[in-house]
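Contents: one structure, followed by commentary.
The analysis underlying the following values was restricted to heavy atoms, covering all of them including side chains, and did not include hydrogens, waters or symmetry mates. Each chain gets a letter, A, B and so on, in the order the sequences are listed, and its residues count up from 1.
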Protein chains: 2
Amino acid sequence: MGRKRLQEPADGRPTVHTVAARAGVSIASASRVLNGVGGSAETIRKVRAAAAEVGYVPNAIARSLQSQRTGLVALAVEDIGNPVYVAMMRAIESVVASSGRQLLVHATGGRIDNETALLRRLANRYVDGMIISPIRVTADHLAALVDSPVPVVVVGQLGADAPVDNVRTDSRHGVALAVDHLVAGGRRRIGFVNGPLDTVPGAARDAGFRAALARHDIPLDEDLVEVGDFQYAAGRAATERLLARTEPDALLCANDLIAVGALHALLAAGRRVPEDVALVGMDDTELARMMFPQLSSVSLGSAERGRRAAELLLQRIADPALPPRREQVPPGLVVRASSAGPSPTADRAPTAGEPLTAGEAGQPAPPAPRPSTDPLAGPITDPFAGPAGPAPTHPSSEGASS
Amino acid sequence: MGRKRLQEPADGRPTVHTVAARAGVSIASASRVLNGVGGSAETIRKVRAAAAEVGYVPNAIARSLQSQRTGLVALAVEDIGNPVYVAMMRAIESVVASSGRQLLVHATGGRIDNETALLRRLANRYVDGMIISPIRVTADHLAALVDSPVPVVVVGQLGADAPVDNVRTDSRHGVALAVDHLVAGGRRRIGFVNGPLDTVPGAARDAGFRAALARHDIPLDEDLVEVGDFQYAAGRAATERLLARTEPDALLCANDLIAVGALHALLAAGRRVPEDVALVGMDDTELARMMFPQLSSVSLGSAERGRRAAELLLQRIADPALPPRREQVPPGLVVRASSAGPSPTADRAPTAGEPLTAGEAGQPAPPAPRPSTDPLAGPITDPFAGPAGPAPTHPSSEGASS
DNA sequence: CCCGATTCTGTAAACGTTTCCGGGGAGTCT
DNA sequence: AGACTCCCCGGAAACGTTTACAGAATCGGG
């Protein structure tokens, strides 16, 4: 009956030993009652009372050590302030929270070494799984991914043979949708403001742009192509450079931040949007709906990809033996004011035979842009759907544009 | 010499025991070498070699259990997608990461029970500290805060006597800055689109608005005041309601999301901004710079508050005995195109005695709006460039009667 | 009334790490 | 040469929990 250890740690906070001693039972009985498994009526009463009296709260770390699970899920993205990642993060947080887990976020700054270090650190099991959206994928990434001791889901392109859960979209196809739309509006001198070509998204968009132009038999004027990074300032600067040397009648931007920068550059240079220059962004973030004129944008389903990645991860945590899975979220074009209507300066009519939306060769048809996440895809008039997340905000105050 | 426990757990992953056995030393020696404290040259060599051979990685949970620290810091905000929280989160993540810790984010959805549950859960020590920005502060909050076993820093207003680390701004003063600016521009019919009055920020802004008008001897026309929530759609709807019944020559919005909604409503209603209606938002998020025209906005130092909150938290984690501290980040007005210039429709000249900018009495000058974090700050006009003459405006922090 | 089945309880081990403590060896000073 | 200091090492305890195991107690049935 000798007390082998202190009931009250120096800390002063009660442990299961405190409760057990106070209730006059063993720690095993106390633990059982506190976990709701077993225990006689009398024991339950005593333990509950003792726990309440001392204000017992179980220690999450000790429990994790025993159960080998932390209840945490990590998300690693380049910049947690980028609207596209914000949307993704919000969707992920929602799924993760509803499974009773919590979300850990890492901002990698897009640095390769940061990303691989993060992956390697998974070995110390501080988290039950990770969702990572690497901006580049190196051999180091793959190596770290395959021998990661905890489940990892990659959002973004990945080598076809990598045995890793993966959620992706088809941004080449997304670019094609935008180009088709612009061509159908009579635009022929389509500029392109891209992000770095050595990133996965940058390369895919570049390839998609060239392929789409070729499909329309439009020769590519390299003067119409600019590269910066994926930020607002770079988008604005790149557009200024582009405008200084040539005259586009449309501009496709690799994401919405760039598009906003381009819009500012265009307006500052006296161009009208969309009359003089039609403008299309990518990612279809909230930003696109908030601009004036509202920006057309290629939806790459950020929130949807986040949601699916989280679900994939939770499933794999539940059953690590699952085979690697790959999900693809189709892109969709959301036309708004910034590219609406045909080009008034077009001296030739839009090519009649070109479809408005074009599937990739061999693909049957591009699916609709997921109305579930974007209930207001269609109309050009405002609609701004409130945040798709759990935001319990306004009841029904959608402003109908007059 | 009998091995008391398995060197290779069922898991297959090596532990300190694995390494120690392989190196032929005790686990104590192995641990010491791995932590870089002590060990003879020979021991170090053997342990390092063994660790490398088996690919040993320390288990973060076990380490946490021993050290009583998790290396995690939590952030709880209403909505991790709101730009103002994004800015705050980004700043916090940066500070937290540079201290070698990691950030856990919670989206509370603004639900009181969620917030208090989160605070109570701190008792199980899953995290070393928390930064929380409650949208309302109840008695439950305070109770949970004071007997939290881990450090908590509150961002936002808090009862004056609460013994809790606290970073706040003076949004009443911020509102006063905006009103002063609009009045100086000759605006007299200043509308106000606020968030819910039962939230801390909503109440503060409302009080500030009324006080500021009173200070300028402008009677308050209740038709000019609207309330929604802090989202875009509500801002737009509220502005439409306001425009349907009265004719403002300026509009102050309780945050930038509302201001963007208001801008759309104004433009849709055919008003020119700023010629017909000057528009000012609050929070000075990136959104303000991205609109066209760029929005004037009252900076409440979100990033700065986040940064300071993180630093306060880290200091308190390092030394829990510190007395409770309270820091205040002063607001500042950033004037951009949406409110630049005097009202062309003003039939009466601006009251000569009204200062363009109102500095704190006794304070040298309100701080600049953090150009360091803002490489592309509005090129428009600097609000604080005005004559720094005697500014006998509102006395202390609040815009009290002058 | 006795025996077997069932439930409850307590002891102890386990999760993987760090760290206190005592013992022993080597080096140095007097 | 003896004593003292310093360093290194290994055993064991500790962090707080869950749980396997075995013994005790209770209960029911024949």
Side-chain angles (χ1 to χ4, degrees), chain A residues 1-21 23-47 51 54 56-71 123-126 128 149, chain B residues 1-21 23-47 51 54 56-71 123-126 128 149:
Chain A
M1 198 73 178
R3 328 167 134 192
K4 287 194 173 173
R5 69 162 74 195
L6 261 39
Q7 269 90 25
E8 290 282 346
D11 190 334
R13 296 198 60 77
T15 74
V16 83
H17 293 90
T18 324
V19 174
V25 301
S26 72
I27 60 167
S29 291
S31 174
R32 276 188 289 256
V33 169
L34 294 169
N35 286 13
V37 318
S40 69
E42 175 63 3
T43 305
I44 290 178
R45 189 192 59 72
K46 286 190 298 187
V47 170
V54 300
Y56 171 75
V57 175
N59 180 305
I61 305 168
R63 183 174 285 184
S64 287
L65 179 59
Q66 166 69 26
S67 68
Q68 300 283 59
R69 310 183 326 105
T70 63
N124 61 23
R125 306 304 246 308
Y126 68 104
D128 291 341
Chain B
M1 193 75 178
R3 333 166 130 190
K4 285 194 176 175
R5 68 163 76 195
L6 263 36
Q7 269 90 28
E8 291 282 346
D11 190 334
R13 299 197 59 78
T15 73
V16 160
H17 294 88
T18 324
V19 174
V25 302
S26 71
I27 59 165
S29 292
S31 175
R32 276 188 289 256
V33 169
L34 294 169
N35 286 13
V37 321
S40 70
E42 175 63 4
T43 305
I44 290 177
R45 190 192 60 71
K46 286 191 297 187
V47 171
V54 300
Y56 169 77
V57 176
N59 181 305
I61 304 167
R63 183 174 286 184
S64 287
L65 180 58
Q66 164 70 27
S67 67
Q68 299 283 60
R69 311 186 324 107
T70 63
N124 62 21
R125 307 303 243 318
Y126 68 103
D128 290 340

Worksheet item: Which residues within residues 30-42 of chain A lie with some heavy atom under 4.0 Å of an atom in DNA chain C?
Response: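 Listed by number, they are A:Arg32, A:Gly39, A:Ser40.
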Measure [atom1]/[X] against [atom2]/[N] and give the value in whole Å, please.
X	N	atom1	atom2	value
A:Ile61	D:dT18	CD1	P	14 Å
A:Asn59	D:dA14	CG	P	17 Å
A:His17	D:dT18	NE2	P	11 Å
A:Lys46	C:dC8	NZ	C1'	12 Å
B:Gln66	D:dA12	CD	P	18 Å
A:Arg69	C:dG16	CZ	P	16 Å
B:Arg125	D:dT17	CZ	P	11 Å
B:Ile27	C:dC20	CD1	C1'	13 Å

Quick check: does any side chain N or O of A:Thr18 sit under 3.5 Å from a backbone N or O of A:Thr15, one acting as donor and the other as acceptor?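 Yes, the answer is positive, given that a donor and an acceptor are paired below the 3.5 Å cut-off.
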When you measure from the side chain of A:Ser64 to the backbone N and O of A:Ala60, does any donor-acceptor pair fall under 3.5 Å?
-> yes
Show me the protein contacts with nucleotides 22-28 of chain C, counting only N or O atoms at under 3.5 Å.
none

So, is [X] close to the [N] phosphate, meaning a side-chain N or O under 4.0 Å from OP1 or OP2?
X	N	value
B:Tyr56	C:dT17	yes
A:Ser26	C:dG10	yes
B:Gln68	C:dT18	no

Can you find a heavy atom in the side chain of B:Tyr126 that is under 4.5 Å from one in the side chain of A:Thr70?
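They are not in contact (no side-chain heavy atoms under 4.5 Å apart), so the answer is no.
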